[in-house]
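Input: a single structure, listed below in structure tokens.
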Amino acid sequence: MLGRPSLLLSRSGSFRPENLGQNAMAMIGNLCFTIFVVGVLVFTIIAATYQPEDPLFHPSAKITNFLTSKSNATFRADDSVVRTGEDFLGVNQTAFTTFINLNDVDVPMNAASGDVTENNLDCSGKIDDPVDCTDPDVFHLLMRAAIEKFKDIHFYRFGKPVRGSNDSSCHMAWRFRPKEGKTAAFYKDYRSFVVSRLENCTLDVVSIGDYHSGGNARKKKRKNRAGSDRTLGKLDEGFEKVTPKTEGEPIALPVVGEVVNDSLPVVESESSFGNGKYLIYSGGGDRCKSMSHYLWSFMCALGEAQYLNRTLIMDLSICLSKIYTSSGVDEEGKDFRFYFDFEHLKDSASVLDQVQFRSDWDQWHKKDRLSLHLVEDFRTTPMKLSGVQDTLIMRKFGSVEPDNYWYRVCEGETESVVQRPWHLVWKSRRLMDIVSAISSRLNWDYDSVHVVRGEKVRNREMWPHLAEDTSPEALLSSLQDKIDGGRNLYIATNEPDTSFFDPLKDKYSTHFLHEYKDLWDEKSEWYAETAKLNNGTPVEFDGYMRASVDTEVFFRGKKQVETFNDLTRDCKDGINTCTSSS
């Protein structure tokens, strides 16, 4: 007991006036340290659980912002139609201001109301003579007839007419864009013209055929050039140079409707193969995933190949996820060229088909002592491989997900160094030609609405209002202030029963994808060309192709009404996931 008072006195000594300043400083220091520790814990939790939105499915302006930023590379899967390079182009619109007007085309000699009068006024016995399609006056007549008929497009170039299917027919091609076009692309059409000669020697255009009816005016397919050393600056005949951007480089734009030459590039010789440097990705867990996942990983591989200045060895055989197949199971053996523009890729970057490469490698690597550098850890950055001199770098991925996803290579510090070259991958121009054909049948004069239903309508927990907000009655109410009555209305939808939308027919002329199935059936050009790519086996117009074409036709409407922006309060990704940008 005698010690306790002395202990209390010693403790109370710390509260003496001369010690108060020291105690206050100590307490403030402890408080600041505590706040710092709590802040670190909170930041660590957020960093570990945060998943940024998938940039592939933002509006095009936001995608462009993402592509020029240094955001986190983590990927979140989505079953939507992927955006590709042409969607990201911020094209200088002055490139499209110089188009051909009716005033730019000479009125044919001695013409009245656009009719051509031949120089020899004595037409007795000559009324049935063949029309000379190469006559400049006939050329001007056809140009004026086309400009007068197709009022919703701008013409940028006309090809010289050629003889058509008979003596009174001419075929002529032109390059154009819709007047209210929102995509950075040109389109090509070639049509037949029926020309008649009257008794007074005047020539008149009697009729103009349907989309792509003038096959004689179509450019023949070019032979494939050997080698894989094509660079971005070498633009093919199928591409248009437009006004350079600030970087000073010409922009390659898709020309939908040109003949597609997507034959496989080949190596010219043993010496050129041995002098090359190659990169290949092997294995991994990306196969049979969604198309967005596939493209996100593929673009990482392509970006690394460009960073290392190597040729990418790519597997053109891809697995289509069951979310797109009619069978409901993953389907192997799909060709990259069914979905993407391989001609543009091979003309813009250095790529080789995996099958061809393996054949060449097996034939020459031992003889020429070609070396292999194997990388089995995705954390080995491209920067660490920049000094590798071996002929082939092989990244081998294991079986444990998600560390075996190709896109993991582009995460972390690599993200700020290796850029995904989005400008190299475009959508298949064969699919885009179907889009152009549908739009042309609607004369490029239609509005569009995207109606999402399907599984989301049935999941009321995540989308509580979607079913009611996309009912025919609700659609009529929502569209009345957005789209004028009597307009052509293209409805892009995953609703399998299109009769569901019959009530809209009283106010609009409705159109759906299935109405144009002749564009991909067994008599179509798409059917013949894809079967040829597939070694003669017919190719199914699968769910991804349907969604891709449906979406692109929607994007070409003059007025566009979205489900989650315009029709419903629900969020695209479910309840409580809306953002200010969605």
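- Remark: the Thr498 side chain and the His514 side chain contain an N/O donor-acceptor pair separated by less than 3.5 Å.
- Every residue two or more places apart in sequence or in another chain was checked for a side chain to side chain donor-acceptor pair (under 3.5 Å) with Ser165, and none qualifies.
- With sequence neighbours left out, the ring-ring contact (aromatic ring centres under 6.0 Å, His included) criterion links Phe541 to Trp520, Trp526.
- For Ala437, the side-chain contact (heavy atoms from CB on, under 4.5 Å) partners two or more places apart in sequence, or in a different chain, are Tyr211, Leu519.
- Annotation: ring-ring contact (aromatic ring centres under 6.0 Å, His included) contacts of Tyr307 (sequence neighbours excluded): none.
- Under the side-chain contact (heavy atoms from CB on, under 4.5 Å) criterion, Pro178 pairs with Tyr187, Trp444, not counting sequence neighbours.
- Aromatic ring centres of Phe155 and Phe158: separated by under 6.0 Å.
- Applying the side chain to side chain donor-acceptor pair (under 3.5 Å) rule to Ser477 yields no partners; only residues at least two apart in sequence or on another chain are considered.
- Phe150 and Trp174 have tilted rings, their planes meeting at an angle from 30° to 60° on a 0 to 90° scale.
- For residues 552-561, the set of pairs meeting the salt bridge (Lys or Arg N to Asp or Glu O under 4.0 Å) definition, not counting sequence neighbours, comprises Asp152-Lys558, Lys427-Glu552, Asp445-Lys558, Glu552-Arg556.
- A donor-acceptor pair shorter than 3.5 Å can be found between the side chains of Arg218 and Tyr190.
- Applying the side-chain contact (heavy atoms from CB on, under 4.5 Å) criterion to Gln356, with sequence neighbours excluded, gives Asp353, Asp360.
- The side chain to side chain donor-acceptor pair (under 3.5 Å) search around Thr134 returns Asp132, not counting sequence neighbours.
- In this structure Asn166 satisfies the side chain to side chain donor-acceptor pair (under 3.5 Å) test together with Ser168, sequence neighbours excluded.
- A ring-centre distance under 6.0 Å is not found for Tyr490 and Phe512.
- Taking the six-membered ring for Trp and the full ring otherwise, the centers of Phe176 and Tyr156 sit at least 6.0 Å from each other.
- Take His511 and apply the ring-ring contact (aromatic ring centres under 6.0 Å, His included) test, not counting sequence neighbours, and it matches no residue.
- Applying the ring-ring contact (aromatic ring centres under 6.0 Å, His included) criterion to Phe139, with sequence neighbours excluded, gives no partner residue.
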